[in-house]
Amino acid sequence: MTEQGDHVADGGGGADAGADVTVSEDIEYGIDDKPPLGESFVLGIQHYLTMVGANIAVPLILAGAMEMPPDVTARFIGTFFVVSGIATLAQTTFGNRYPIVQGAPFSMLAPALAIITVVTAGGVGGGSDWQAALLQLQGAIIVAATVQVAMGYLGLVGKLRRFLSPVVVAPTIMLIGLALFNAGQITGSDQSWPLLGLTLGLILLFSQYLDVKSRAFRLYPVILALVIAWVVAAALSAGGVITDAHPGYVPLGDVTDTQPLLPIYPFQWGTPQITTAFVVGMFAGVLASIVESIGDYYAVANITGSAAPSEKRINHGIGMEGLMNVFSGIMGTGGSTSYSENIGAIGLTGVASRYVVQFGAVVMIVFGFIGYFGQLVATIPDPIVGGLFIAMFAQIVAVGVSNLRHVDLNSSRNTFVVGFALFVGLSIPAYMGNFESTIAFREAIGLEATLASLPVWAEAAVQAVADTVYIIGSTGMAVGGLAALVLDNTIPGSREERGLAHWDRITEDESEFETFWDRWLGADDNAAVSAERQD
């Protein structure tokens, strides 16, 4: 177990950074620590349960839009879990090596729904059923993600780091947390506030009040709260106190209404189809995902007491996310990206172990093939998920705020940039929420009439721009992050004032981050060099 506060976490800083960056006293297990096997099993499942609501919500939304049959939907959800587990293993082993769970992205949901709307309306190809829509979705993700791979491994994304100051990163991270303040699981009109309050109250009780009483409360606040709240809801449902019309109802009969083992394999729905307009729209979603992921990297580094990520680490993280997006397209899901939920769980539990996250990923891969597990997870009522969201994302907002300690808050330019970024990051997505899809947005701005007089190539270009504006504009952290990026790098301000001077001292050197090849192949090279010197 990590000695509290006496060493820099993996990925944290060179010689200068070491003096300024230490593992937080709240971290029970650091990034490189390996808890006992049984403990890792439970902690790994807990990390995944924090994001289960979102990882189920995305496939359910897509399946509903495609009118997918129930038996196929269960397999669809299982595929998301398998892809999530494999992507997490790949990222934590070969990518940025941060303890971040990978899952289905909301940032790519808008273009996905636009593709489904067009295909199911009979606008593309010969088919208009769920399978035709899914094949078009797969093709768009695969091609768009290939560009993401190139952007990451060619170093294009990492070059943004030199333009990122705490003034930019702080509101971006805060908007990651604020993005779900109005999620249906929280603010739905038919909310079960007693059940949501029970879940949230238990998390607060275990993580903030009883954490000093027992180590179990410190390590397992989320899973304990979720299980207790679910048991209460299930008991009330079985006893008839809660009916199926109530948001807290647990449909226990649905658990066995599926196949015991699900056949999940590459290209299981057929050969992906590629349509240029869909690829362009999906790439806008990929760009929004990249912005969100960079914010996640800074958030997890900050919350674990690690040095800020280097350009090299960012490049490998985004490159690996691109590869896993390609993989998700091959498997037939809706994409893969870094998840903020388990970063919030790190803050609540103090468990930042990469090993724990990897262990949870293996468990999730196995469970993804078991139909009963997916059905059981799907019975978790929305109010319980809402309680988890409030606890998790409140932690993320606090992490964003903490980045402002590096900047001069007496500077009016800094307070303006942060305030402006937060405001537009909330208001513009709220405006975009008035439109159900990119198609509705085009109609609202009167684009269809303009397109009628344009040649085909120009029509496609204008549609792509409009769709990109809609998708980026629907993603709060993308809007706020880009606004802060532009303002912070154009409004005059000193490096000390913007927090860059201090951040330079706590950013890891490029040499501090070792890729998989550096560790496994470089070891032999280093040994050979040492042997030659001895001779």
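Along the sequence shown, the residues carry numbers beginning at 1. Being a predicted model, the structure only gives us computed values, none of them experimental.
- The CD atom of E292 sits 4.0 Å away from atom CE of M477, with the distance rounded to the nearest 0.5 Å.
- Considering only heavy atoms from C-beta on, F327 comes within 4.5 Å of V83 through its side chain.
- Proximity of a side-chain donor or acceptor of S84 to a complementary backbone N or O of Q102 within less than 3.5 Å is detected.
- Side-chain N or O atoms of T93 include none that pairs as donor or acceptor with a backbone N or O of A90 at under 3.5 Å.
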Quiz item: Is there a side chain to side chain donor-acceptor pair (under 3.5 Å) between T333 and T79 once you walk through the steps?
Solution: CA-CA 7 Å; T333 69; T79 305; over 6 Å; no
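- A donor-acceptor contact shorter than 3.5 Å links the side chain of R218 to the backbone of L348.
- Looking only at distances, a side-chain donor or acceptor of Y339 sits under 3.5 Å from a matching main-chain atom of A104.
- Figure legend: R354 and F359 shown without cation-pi pairing, the cationic atom not lying both under 6.0 angstrom from the six-membered ring centre and within 45 degrees of its axis.
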Exercise. Determine, step by step, whether S336 and E321 satisfy the side chain to side chain donor-acceptor pair (under 3.5 Å) criterion, reporting the C-alpha distance in whole Å, the side-chain angles of both residues, the deciding distance to 0.1 Å, and the verdict.
Key: CA-CA 7 Å; S336 176; E321 284 195 21; over 6 Å; no
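- Remark: L160 CG to I314 CD1 distance equals 8.0 Å, nearest 0.5 Å.
- Expressed to the nearest 0.5 Å, how far NE2 of H47 lies from CG of L43 amounts to 7.0 Å.
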Quiz item: Could you walk me through whether L236 and Y249 pass the side-chain contact (heavy atoms from CB on, under 4.5 Å) check?
Solution: CA-CA 8 Å; L236 293 175; Y249 180 72; over 6 Å; no
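- A distance of 5.5 Å separates CG of L109 from CG of L62, quoted to the nearest 0.5 Å.
- Between the side chain of N342 and the main chain of P99, a donor-acceptor pair closer than 3.5 Å is present.
- S40 places a side-chain N or O within donor-acceptor distance of the main-chain N or O of P35, the cut-off being under 3.5 Å.
- Remark: the backbone N or O of V399 is paired with a side-chain donor or acceptor of N403 at under 3.5 angstrom.
- Side-chain N or O atoms of R313 include none that pairs as donor or acceptor with a backbone N or O of S310 at under 3.5 Å.
- Aromatic ring pairs are classed by plane angle as parallel below 30°, tilted from 30° to 60° and perpendicular above 60°; the pair F373 and F367 is tilted.
- Between V222 and the choices T199, I45, L388, the side-chain contact (heavy atoms from CB on, under 4.5 Å) rule is met once, by L388.
- Judged purely by atom type and a 3.5 angstrom limit, S289 has no side-chain atom pairing as donor or acceptor with the backbone of G285.
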Quiz prompt | side-chain contact (heavy atoms from CB on, under 4.5 Å) assessment of F389 paired with Q185 | solution = CA-CA 8 Å; F389 278 175; Q185 294 93 334; 3.9 Å; yes
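- Note that CG of L195 is 10.0 Å distant from CG of D382, once rounded to the nearest 0.5 Å.
- Once rounded to the nearest 0.5 Å, the distance linking CG of L134 with CD1 of I115 reads 10.5 Å.
- You'll find the ring centres of H316 and F94 outside the 6.0 Å limit.
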Quiz item: Passes side chain to side chain donor-acceptor pair (under 3.5 Å), S165 versus D488? Steps please.
Solution: CA-CA 8 Å; S165 76; D488 186 51; 2.6 Å; yes
Quiz item: Where do T88 and Y48 land on the side chain to side chain donor-acceptor pair (under 3.5 Å) test, with the steps shown first?
Solution: CA-CA 11 Å; T88 301; Y48 264 89; 2.8 Å; yes
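- Classified by interplanar angle (parallel below 30°, tilted 30° to 60°, perpendicular above 60°), the ring pair F441/F435 is perpendicular.
- Looking at Q91, its side chain never comes within 3.5 Å of a backbone N or O of I318 through a donor-acceptor pair.
- K34 and E39 are not joined by a salt bridge, as no carboxylate oxygen comes within less than 4.0 angstrom of a charged side-chain nitrogen.
- In plain terms, the two heavy atoms of S328 and I141 that are nearest each other are OG-CG2, 3.9 Å.
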